[in-house]
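What follows is a single structure, written as structure tokens, with notes after it.
Naming: A, B, ... by sequence-line order, numbering from 1 per chain.
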Amino acid sequence: MDTDLFVAWFEETARLVREERDRLTRLDAAIGDADHGTNLDRGLTEVCKALADSAPESAAEVLTTAGTTLIRRVGGASGPLYGSVFRQMGKALLTPVTLAGFSAAFEAGVVAVERLGKAALGDKTMVDALAPASRALALAVRDGVSVQEALDQAARAAAEGAKATIPMQARKGRASYLGERSIGHEDPGAASAVLFMTALATVAG
Amino acid sequence: MVGVVLVSHSAGLAAEAMALALGIAGPDAPVAAAGGTSDNGLGTSIDRVEAAVRSVDQGHGVVLIPDLGSSVLTARLLEEEERIVVADVPFVEGAIAAAVAAGAGSSLAEVLEAAEESRAFRKL
């Protein structure tokens with residue numbers, strides 16, 4: 001997994017988020033403040049610019065640049081949340097990047113966002129997609145499958161995790177004020193986490 | 001004196017909460033407002049929060065008082081042990097309590113405690 005793969009990951013995520021911007025915003029309009037698609041689109045556009053300008057020399061540098069840019073430029077809660085995931089992932093990632101190393105760094109990123117948002121599995125947040133993806137990566141490492149197969153499994157686990165947020169009652173963020181009325185809607189943060197994981201599986205292929 | 005930074009989704013709310021806190025605490029209390037995004041929308045700008053921290057940091061610590069959501073998350077990213085702390089308190093009441101304590105020359109722990117007491121403060 002080389003540096004170019006990580007740059008391509010953010011470029012593909014930016015493309016996917018732009019394509020799905022209105023769907024993310026619609027999901028967020030149902031239980032949030034209807035800015036998730038626009039905020040993430042703007043943040044990832046800035047990430048792509050920052051990566052083009054800084055010409056990072058390692059995968060870890062790509063991740064910390066992306067994380068810092070998301071923290072600085074998003075303005076909504078997804079900025080500090082995704083920003084922490086990638087900044088921590090970048091700090092934890094060793095070069096050269098193996099699947100096992102990536103899996104460990106990914107888990108560190110998920111732990112960072114769980115701590116920052118004080119969110120756990122089942123709270124109807126991005127953690128419900130990211131944590132299953134992290135577990136799928138760890139299992140793939142244990143089973144010794146290829147990088148492509150591992151990333152495909154992680155993307156599938158994220159998608160299943162996001163779908164599982166539909167019947168959940170939100171316990172974090174604006175949606176939690178809605179109580180039972182938050183039930184029946186997919187969490188927008190979990191939905192965007194699926195786009196990150198799908199993009200990674202795509203560019204690895 | 002300990003600095004106090006009011007972090008809100010709204011630039012107007014942060015500025016008015018600061019004006020109210022200074023009105024009660026006195027004009028010398030080191031209170032700064034960091035509201036809204038860098039393009040003046042609703043949300044949080046870490047650049048604005050960092051600039052506000054610098055403007056009130058006299059070397060005795062800074063208490064960040066966020067409203068909710070991204071303001072809380074952004075404030076937590078700036079936490080530094082014994083130097084920059086986030087108060088988990090009602091925005092307006094906490095701002096006033098912290099500003100009064102800071103203006104009276106209280107320590108970082110005392111300003112934080114004063115702000116936190118506002119959480120249990122009954123109005124009736």
Heavy-atom donor-acceptor pairs under 3.5 Å, chain A with chain B:
unit_1: A/R72; atom_1: NE; unit_2: B/D47; atom_2: OD1; d: 2.8
unit_1: A/R72; atom_1: NH2; unit_2: B/D47; atom_2: OD1; d: 2.4
unit_1: A/R72; atom_1: NH2; unit_2: B/E50; atom_2: OE1; d: 2.7
unit_1: A/G75; atom_1: O; unit_2: B/T44; atom_2: N; d: 2.8
unit_1: A/G75; atom_1: O; unit_2: B/S70; atom_2: OG; d: 3.4
unit_1: A/R115; atom_1: O; unit_2: B/R76; atom_2: NH1; d: 3.1
unit_1: A/L116; atom_1: O; unit_2: B/R76; atom_2: NH1; d: 2.5

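Sorted by first and then second residue, the ring pair (Phe, Tyr, Trp, His ring centres under 6.0 Å) pairs with a member in residues 48-71 of chain A form an empty list; sequence neighbours excluded.
Heavy atoms from other residues, nucleotides or ligands lying under 6.0 Å from CD of A/E20 number more than 12.
A side chain to side chain contact (heavy atoms under 4.5 Å, CB included) with B/L73 is found for one member of A/I71, A/V113, A/L116 and no other, namely A/L116.
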